[in-house]
Amino acid sequence: SVRALARAVDAGGGGIHPNSGVRRIERDGDGWCVSSERGAIRARQVVITQNAYAGRLWPGLRNATLHIQPWLCATDKLPPEIAATVLPGNHLLGDSHPGPYFFRKDADGRLSCAVMEGMRYFGGVPDLKQMDRVLAKVFPQIGAVEFRFTWQGLATIQPGELPQIAALDEGVWAAFGFGRGVTMANATGAILAGLCMGDDPDKAVLPVTSPTPIRLGGLIDRAIPAALRIANRRSSWRATSGSVAARQIPSPDHHGFDSD
């Protein structure tokens, strides 16, 4: 969870400065000056991990990914006897056929999910009926559910499905396109930490490249929701059973988050 990661940063002596959106990154001698509306700090190494929220802070980052705005939702607390049958290993569950969706059960027994099938174009409203159908297909034992919380945020789709690490300048790194979120973000963070400490970029687990603009990215962003809905409907027509072959992703001890 975000709180667990924040506790780890605090325990390691790191500082967290909320509500301090960075406005400029400028060369300052042999390091960099990072300025926000609440002050500035100087650093030898800078890591930019805005992901889908990249704006004009550094040229080229915004156009290096495709953007989606999926809806996420969480059910009310499931009855204990039902909750025990849903993700009994407390693992993450994800599927990508034909469109991606992900599930996780929290400590209170709520089932939270990100379902692209219910996605509309930016700023739209959630299609909860579509989400109901996905839940009924994956977890038929829970029956009718009530969504207690719904929320929306930006995410990225990256060609190749692997995160990208970019060397923007001497001492300035960027990472984006985390795809499946917290698991990939944590693994990428470990690589970035090594690079900041002097690891050889040529020997990094992920290639260290430069941001490459995606041609017609803005147009593709607008087409993704419709394409996913069409793919899901075609899959439903062809389905011969309600079973779903899902991939189980072990849940790490701490989960990462994207910082604006």
Side-chain angles (χ1 to χ4, degrees), residues 1-11 68-120 125-155 157 161 163 178-190 228-229 231-233 235-258:
S1 70
V2 173
R3 291 185 178 90
L5 184 59
R7 286 194 296 269
V9 171
D10 185 64
I68 57 175
Q69 194 174 29
W71 279 95
L72 294 89
C73 58
T75 68
D76 207 348
K77 296 180 181 179
L78 300 175
E81 65 275 12
I82 299 297
T85 70
V86 174
L87 304 178
N90 292 324
H91 49 270
L92 303 178
L93 184 149
D95 192 14
S96 58
H97 302 284
Y101 49 85
F102 310 96
F103 303 94
R104 184 184 178 194
K105 184 176 63 177
D106 67 17
D108 293 326
R110 291 187 178 90
L111 183 61
S112 59
C113 49
V115 183
M116 307 302 175
E117 192 166 349
M119 182 174 64
R120 292 282 195 245
V125 296
D127 189 341
L128 296 181
K129 290 183 179 179
Q130 291 275 20
M131 294 185 180
D132 277 330
R133 283 193 280 271
V134 171
L135 284 179
K137 184 167 60 174
V138 181
F139 302 107
Q141 71 270 35
I142 68 176
V145 297
E146 187 134 346
F147 294 111
R148 180 65 61 179
F149 305 98
T150 59
W151 66 99
Q152 195 174 41
L154 291 176
I157 295 179
E161 297 192 15
F178 299 118
R180 296 179 182 87
V182 293
T183 305
M184 288 291 194
N186 282 346
T188 307
L228 284 174
R229 294 180 68 81
N232 277 297
R233 287 175 180 171
S235 176
S236 297
W237 295 336
R238 295 174 180 175
T240 57
S241 70
S243 63
V244 173
R247 183 157 39 85
Q248 297 182 0
I249 306 171
S251 180
D253 294 333
H254 300 293
H255 301 288
F257 63 102
D258 296 339

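The residues of the chain are indexed from 1 along the displayed sequence. Atoms considered below: every heavy atom in the structure, side chains included; atoms not considered: hydrogens, waters and symmetry mates.
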Any residue meeting side chain to side chain contact (heavy atoms under 4.5 Å, CB included) with Asp10, in chain and number order, not counting sequence neighbours: none
Under the side chain to side chain contact (heavy atoms under 4.5 Å, CB included) test, residues paired with Ser112 that sit two or more places apart: Ala74, Arg104
Residue pairs, two or more places apart or on separate chains, that pass side-chain hydrogen bond (donor to acceptor under 3.5 Å, both in side chains) and touch residues 73-83: Asp76-Arg148
Side-chain donor/acceptor of Asp106 to backbone N/O of Asp108, under 3.5 Å: yes
For Phe139, all residues meeting ring pair (Phe, Tyr, Trp, His ring centres under 6.0 Å), sequence neighbours excluded: Phe103
Working for side chain to side chain contact (heavy atoms under 4.5 Å, CB included), residues Val145 and Leu111: CA-CA 10 Å; Val145 297; Leu111 183 61; over 6 Å; no
By side-chain hydrogen bond (donor to acceptor under 3.5 Å, both in side chains) - contacts of Thr150 (at least two apart): none
NZ on Lys105 to CG on Leu87, rounded to 0.5 Å: 6.5 Å
Close side-chain approach of Phe147 and Asp132, heavy atoms under 4.5 Å: yes
